[in-house]
Amino acid sequence: MPYTEPTSLAIVACPGGEAFANEVITHLKHMYKHRFTLKNDVLSKRYELSKEELVNRINLQNDLQTSDLCIRGATDKYRPPVFKVNARFTYFANGEVKTELLETVRGKDVFIFQDVENHEVLSLNGGANKVKMTVNDHLVSLLVTIDAVRIAGAEKITLVVPAYPYARQHKRKGREGLTASLLAHIYEMQGVDRIITLDLHSREIVNAFSSCNLDNLHASYQIIRELSKIVDLTGKTEDMVIVSPDTGAIDRNKFYASGLKLPLAMIYKERDYSIVTQDAHSTNIKSVKLLGDVKGKVAFLADDMLGTGGTLLKAMEFLKNEGATKVICAISLPFFTGDAIKNFDEAYEKGLFYRIIGTNAVYHEELLKREWYISTDVSGLFANVITRIHYNQSLSELLDNRNIIEKVVKHE
């Protein structure tokens, strides 16, 4: 396994996914440098070579392997890999986009990053244009980039999309399409080998793929790590109960309850499905009931994504009325669309909740300014998964992190 140049691992970051890609690349650089240092320590002793001589030999071997005459950089020092591929993204006046790779990816294992829920103003056309892109804009940009990478001769193509587009359109109730499945077929037709995503809305989406592998990561360890900083998980100073906000999130919250060895409650909501919600204030919920007890306890809720937040706001208010001392929520994909941030500001002022823990998988600058919001970093998790995939190593420990969570709980 090479840990210096040359490396066949390449990262192409779409405009929306560049922020997250840069964070993952930072972790990759640290991981490669750390691993190289360990190997240097072990091999220099094993073969009775000085560390300097070993580095020189490794660089010589890399220079012999490269298709160029030699690799730039000193021959007696560690040469960190350059993962990011230079690319130019053009946004035309009519809304069309174009991706141009400015260096070769032929024969490489390419990971394409895209954050379809990044609604910040982005710099395109070399900074000449400032554009606020929609989910569909980001999706088309991703498809165009896949096509460019495929035509450029990449050996493998992996999509890194923490928020899987159209994940909520995964089942059919009437005359409607299965858009999540449609995208799966498009990715496979474009030659995508693998997809890495975070807390997929429904496991049914996996069944839409026939040849493409989908790795569904979970942010549970990162969330519990932040939770342990604001709540006593040992139960010595305060009691806590895990609450599922609805029946759809029961498995996710059951995981937290079993991992933290805490009781599980559930909010049951009767809905009028003839009403279509447009914002956080409008809802189709007719009545709410609690299965369990939260009186005098800290209530912790976990869900995969948060859009307008109307359902969660109702749930938090309900739990406070039921006697919860604190309400803490964990959201893997914090979209906070529309007036969600404003509505949560108002709810926080009323004391309806204590904190919301979200991940940096979705780029949202306004959220980071809020006192009630805690951002947890999952870029290290993605970096670990990418290196293991690239070097054909097992992902089991990273996909099922119950052992890591048990260590966190014991440490507390």
Side-chain angles (χ1 to χ4, degrees), residues 10-26 82-105 108 110-154 157-167 179 182-183 186-187 190 192 195-198 279 305-308 333-342 358-370 375 379 382:
I11 290 177
V12 176
C14 296
E18 188 166 17
F20 188 62
N22 289 339
E23 294 182 17
V24 172
I25 289 172
T26 298
V82 179
F83 301 103
K84 196 170 184 180
V85 176
N86 290 321
R88 181 187 297 120
F89 299 92
T90 306
Y91 185 88
F92 296 98
N94 66 347
E96 291 183 0
V97 292
K98 181 172 72 171
T99 299
E100 298 173 84
L101 303 179
L102 303 181
E103 53 189 271
T104 183
V105 294
K108 292 194 174 185
V110 180
F111 292 78
I112 303 175
F113 278 68
Q114 180 60 297
D115 176 7
V116 297
E117 292 291 342
N118 184 346
H119 303 304
E120 303 293 332
V121 177
L122 303 174
S123 284
L124 297 175
N125 302 341
N129 296 94
K130 305 293 182 181
V131 182
K132 196 172 185 179
M133 302 177 76
T134 66
V135 170
N136 292 329
D137 291 333
H138 286 305
L139 181 56
V140 172
S141 177
L142 174 62
L143 295 176
V144 170
T145 303
I146 294 171
D147 193 43
V149 170
R150 178 182 59 83
I151 292 174
I157 301 177
T158 299
L159 305 187
V160 182
V161 283
Y164 187 93
Y166 287 85
T179 314
L182 170 65
L183 291 178
I186 293 175
Y187 297 145
Q190 282 287 82
V192 172
I195 295 176
I196 305 173
T197 189
L198 182 70
D279 52 49
M305 59 178 67
L306 188 149
T308 56
L333 301 170
F335 301 156
F336 282 85
T337 54
D339 295 327
I341 293 181
K342 176 185 175 183
T359 74
N360 63 335
V362 175
Y363 190 67
H364 210 312
E365 292 182 358
E366 277 300 310
L367 270 178
L368 302 178
K369 303 175 184 177
R370 296 307 191 266
S375 178
S379 55
F382 277 79

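None of the values given here were measured: they were computed from a predicted structure.
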Task: Pair Glu18 + Lys84: basic N to acidic O under 4.0 Å - done: yes
Open item on the list: Go through it in stages, so that I can follow the logic: the residues are Arg370 and Ile341, the test is side chain to side chain contact (heavy atoms under 4.5 Å, CB included), and I'd like the CA-CA distance, side-chain angles, deciding distance and then a yes or no.
Closed with: CA-CA 9 Å; Arg370 296 307 191 266; Ile341 293 181; 3.2 Å; yes
Open item on the list: Among Val192, Val105, Ile195, exactly one meets side-chain contact (heavy atoms from CB on, under 4.5 Å) together with Ile157. Which residue is that?
Closed with: Val192
Open item on the list: Go through it in stages, so that I can follow the logic: the residues are Tyr187 and Leu142, the test is side chain to side chain contact (heavy atoms under 4.5 Å, CB included), and I'd like the CA-CA distance, side-chain angles, deciding distance and then a yes or no.
Closed with: CA-CA 10 Å; Tyr187 297 145; Leu142 174 62; 4.1 Å; yes
Task: Euclidean distance, Ser123 OG relative to Phe89 CZ, rounded to 0.5 Å - done: 13.5 Å
Task: Reported CG-to-OG distance for the pair Asn360 and Ser379, which is rounded to 0.5 angstrom - done: 5.0 Å
- [ ] Measure the shortest side-chain to side-chain distance between Thr145 and Val12 over non-hydrogen atoms and say whether it is less than 4.5 angstrom.
- [x] yes
TODO: Could you tell me which residues satisfy side-chain hydrogen bond (donor to acceptor under 3.5 Å, both in side chains) with Lys369, sequence neighbours excluded, listed by chain and number?
DONE: Glu366
- [ ] Answer with yes or no after comparing the ring centroid distance for Phe382 and Phe20 against a 6.0 Å cut-off, counting only values under it.
- [x] yes
Open item on the list: Run the side chain to side chain contact (heavy atoms under 4.5 Å, CB included) test on Val97 and Val140 for me, step by step, so that the C-alpha distance in whole Å, both residues' side-chain angles and the decisive distance to 0.1 Å come before the verdict.
Closed with: CA-CA 8 Å; Val97 292; Val140 172; 4.0 Å; yes
TODO: For the residue pair Leu367 and Ser375, establish whether any side-chain heavy-atom pair is separated by less than 4.5 Å.
DONE: no
Open item on the list: Do the side chains of Arg150 and Asp147 get close enough for a salt bridge, i.e. N-O under 4.0 angstrom?
Closed with: yes
Open item on the list: If you define the side chain from C-beta out and look only at heavy atoms, does anything of Leu124 sit under 4.5 Å from Thr90?
Closed with: no
Task: Within-4.5 Å side-chain heavy-atom neighbours: Tyr164 and Leu183 - done: yes
Open item on the list: Is it the case that the side chain of Asn125 and the backbone of Tyr91 share a donor-acceptor pair, with hydrogens and angles ignored and the cut-off at 3.5 Å?
Closed with: yes
- [ ] Classify the ring geometry between His119 and His138 as parallel (under 30°), tilted (30 to 60°) or perpendicular (over 60°).
- [x] tilted
Open item on the list: Is the shortest side-chain heavy-atom distance between Asn118 and Met133 below 4.5 Å?
Closed with: no
TODO: Carefully, step by step, assess Cys14 and Ile112 under the rule side chain to side chain contact (heavy atoms under 4.5 Å, CB included).
DONE: CA-CA 7 Å; Cys14 296; Ile112 303 175; 3.9 Å; yes
- [ ] State, with a plain yes or no, whether a side-chain heavy atom of Pro162 is found less than 4.5 Å away from one of Asp115.
- [x] no
- [ ] Please answer whether the main-chain N or O of Ala13 pairs with a side-chain N or O of Gln114 as donor and acceptor at a distance below 3.5 Å.
- [x] no
Open item on the list: I need the minimum non-hydrogen distance between Ala361 and Leu198, along with the two atoms involved.
Closed with: CB-CD2, 3.8 Å
Task: Flag, side chain of Thr134 to backbone of Asp137, donor-acceptor distance under 3.5 Å - done: yes
Open item on the list: Distance check, rounded to the nearest 0.5 Å: His364 atom NE2 versus Leu333 atom CG?
Closed with: 12.5 Å
Task: Closest contact, heavy atoms only, Thr99 versus Ser141 - done: OG1-O, 4.2 Å
Task: Closest non-hydrogen atom pair between Ala154 and Val110, with its separation - done: CB-CG2, 3.6 Å
Task: Nearest-0.5 Å distance, CD of residue Glu117 to CE of residue Met305 - done: 8.0 Å
Task: Distance-minimising heavy-atom pair for Ala10 and Val85 - done: CB-CG2, 3.7 Å
Open item on the list: How long is the straight-line distance from CZ of Phe113 back to CD1 of Ile11, given to the nearest 0.5 Å?
Closed with: 4.5 Å
Task: Sidechain-backbone polar pair: Thr158 side chain, Phe111 backbone, donor-acceptor under 3.5 Å - done: no
